[in-house]
Number of protein chains: 2
Amino acid sequence: MYVTSPNHYVDSDISRVSRDFLASEVFERAAIRSLPEESLLFCEGDEAVQVYEILEGVVRTSKVLCDGRRQIISFGYPGDLVGISHDCRYHYDCETVSEVKLRAHRKNACSANSQTEPEFCKLLLKHTAFEMNSMQEHFLMLGRKSALEKICSFLVVLLDKVAVEENGLMRFQVPMYRSDIADFLGLTIETVSRTITKLRKDGVIDLPKPNEIIVCQPAKLRALAERSE
Amino acid sequence: MYVTSPNHYVDSDISRVSRDFLASEVFERAAIRSLPEESLLFCEGDEAVQVYEILEGVVRTSKVLCDGRRQIISFGYPGDLVGISHDCRYHYDCETVSEVKLRAHRKNACSANSQTEPEFCKLLLKHTAFEMNSMQEHFLMLGRKSALEKICSFLVVLLDKVAVEENGLMRFQVPMYRSDIADFLGLTIETVSRTITKLRKDGVIDLPKPNEIIVCQPAKLRALAERSE
DNA sequence: CGGTCCTTTGACACGCCTCAATTCATGTGG
DNA sequence: CCACATGAATTGAGGCGTGTCAAAGGACCG
């Protein structure tokens with residue numbers, strides 16, 4: 001999952017398409033695995049044999065600098081693929097945020113044969129090309145948005161992705177820690193917390209629990225995601 | 001071109017591979033075009049018919065927010081591909097930085113047929129997967145590095161990519177404006193200028209002209225790219 | 001020589017970070 | 001069922017890095 005601005009040209013069915021296609025029997029039977037929360041799926045540098053498809057739960061992909069600074073690349077939700085590699089090495093870490101169920105496909109961009117598996121290659125291509133668009137949107141946010149805009153953009157994405165209506169209000173879970181959000185948005189934990197508190201005090205959102213958000217004013221949240229004032 | 005940290009697993013031949021392969025006669029004869037500096041190649045939203053391969057010169061790809069804030073996604077150097085799209089729309093602008101010669105290929109990720117052109121699809125896949133790695137490195141920089149680290153990382157990439165030795169010192173051109181560098185690194189023009197001046201005063205680099213850099217202490221430059229002090 | 005555009009430099013403000021303490025949520029053992 | 005421990009989230013005070021605004025310098029060109 002990447003934080004994207006509203007004026008993008010989304011092929012909104014790509015993840016569904018991916019899921020259906022991978023779930024089909026075109027390829028070898030894929031192994032389904034379950035992992036508890038906060039467990040490591042793979043590391044930067046590991047041999048990238050498999051591509052993983054998230055079926056349930058949330059994962060995070062990240063890179064770290066030698067001094068410990070971390071940048072979370074993306075949060076992977078059901079339907080997302082992680083681990084695609086062009087050279088049979090993973091270039092980032094992947095860990096579970098919550099309990100996760102996933103399907104492992106024993107082919108990758110490097111090992112797939114374009115002659116015998118053209119459809120698989122085309123699927124991976126569409127997926128990576130689509131993901132690149134999302135990453136480009138995320139660039140804009142990391143490089144050019146304020147803390148408030150970043151947090152609001154992040155919440156808007158979750159709102160559109162996983163929120164459920166309840167008494168006319170949209171409610172959703174935030175399964176990741178504040179530190180994950182901070183490392184995803186290029187902020188500190190404290191700034192994330194302060195910004196969320198500000199949104200709560202302004203009546204834009206409500207926080208029944210730290211990991212649960214109710215959006216009281218979705219339009220305002222979306223507006224704040226675009227410009228600071 | 002993305003700013004990358006040194007501890008990445010690079011298939012350093014990918015751009016050469018791309019160039020050789022696309023230059024071959026496997027596909028239809030591709031049109032070669034020349035463009036003057038500061039001209040528009042395509043816009044976000046345009047129909048993405050073609051993929052472009054840079055032969056000479058430098059291009060920049062960028063996205064802009066409605067209020068004018070801009071983020072440069074990448075600088076494209078000879079051997080790079082720009083314009084790959086999964087849904088036949090370009091999702092960013094592409095302009096020339098210098099005079100540019102390029103080859104236009106009349107196929108894209110969306111229009112290519114994986115059955116009849118498996119090699120082309122595989123090539124695009126390898127290219128996009130490779131570029132995703134570079135973008136992930138760039139995330140780390142945008143989100144977690146200081147101005148000094150950003151500038152040094154940027155200069156190190158140029159050093160490794162285009163510098164030539166002269167009297168035992170590495171020298172290279174910086175074809176883009178300070179504003180381009182600023183929008184690429186998520187800084188302001190003034191901060192870019194101040195940081196470059198600091199590097200000059202510290203004796204790490206020399207600036208015979210604003211657009212020409214001599215690296216006096218490459219090791220120190222590389223060290224500064226990793227940690228602020 | 002004058003105009004234009006880019007770059008550099010300076011003064012100042014402010015947003016976010018740092019460090020530290022407090023509050024809160026959750027789980028455990030008595 | 002309630003103290004206590006643990007780890008996360010929140011809140012506060014203060015400093016620093018980078019942005020903002022403005023002006024000066026420099027390169028290039030007609």
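Letters A, B, ... are given to chains in the order of the sequence lines, protein chains preceding strands, and every chain is numbered from 1.
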Given C:dT8, D:dT10, D:dA8, identify the nucleotide with an atom nearest to the side chain of B:S193.
C:dT8
Note: A:E149-B:R69 ion pair, threshold 4.0 Å (strictly below):
yes
Base, sugar-phosphate or nothing for B:L207? Non-hydrogen atoms, less than 4.0 Å.
sugar-phosphate
Parallel, tilted or perpendicular: which fits the ring planes of B:F42 and B:Y92, with parallel below 30° and perpendicular above 60°?
tilted
Is a salt bridge present between B:E56 and B:R103, judged by a nitrogen-to-oxygen distance below 4.0 Å?
no
So, is A:R200 close to the D:dT11 phosphate, meaning a side-chain N or O under 4.0 Å from OP1 or OP2?
yes
Rounded off to whole Å, could you give me the CD-to-P distance for the A:E212 and C:dA25 pair?
13 Å
In whole angstrom, what separates A:R178's CZ from C:dT23's P?
19 Å
A:I181 CD1 to D:dT10 C1', in whole Å, measures 14 Å
How many Å lie between CG on A:L185 and C1' on C:dG15, as a whole number?
16 Å
At what distance, to the nearest 0.5 angstrom, does CD of A:Q50 lie from CG of A:N108?
9.0 Å
Without decimals, in angstroms, what is the distance between A:D183 CG and C:dC17 C1'?
14 Å
Whether A:D183 and B:R144 form a salt bridge (side-chain N of Lys/Arg under 4.0 Å from carboxylate O of Asp/Glu) is what I want to check.
yes
Between B:H138 and A:H138, does the ring centroid distance fall short of 6.0 Å?
no
Integer-rounded Å distance: D:dA9 C1' and A:L199 CG:
16 Å
Is it true that B:D93 and B:K63 make a salt bridge, defined as a side-chain N closer than 4.0 Å to a carboxylate O?
no
Determine, for A:E53 against A:K101, whether the closest basic-nitrogen to carboxylate-oxygen distance falls under 4.0 angstrom.
no
Is the shortest side-chain N/O distance from B:S179 to OP1 or OP2 of C:dC6 below 4.0 Å?
no
Tabulate atom names and distances for all N/O pairs under 3.5 angstrom spanning the protein and nucleotides 16-20 of chain D.
residue: D:dT18; atom: OP1; partner: B:A147; partner atom: N; Å: 2.9
residue: D:dG19; atom: OP2; partner: B:T188; partner atom: N; Å: 3.3
residue: D:dG19; atom: OP2; partner: B:T188; partner atom: OG1; Å: 3.1
residue: D:dG19; atom: OP2; partner: B:T191; partner atom: OG1; Å: 2.5
residue: D:dT20; atom: O4; partner: B:R194; partner atom: NH2; Å: 2.9

Whole angstrom is fine here: how far is it from CG in B:N211 over to C1' in C:dT7?
10 Å
Sugar-phosphate or base contact per nucleotide [nucleotides 23-30 of chain D; S, B, -; heavy atom under 4.0 Å]:
--------
Quick one: B:E37 CD to C:dC5 P, roughly how many Å, whole number?
14 Å
Cationic N near anionic O, under 4.0 Å, A:D206 to A:R200
no
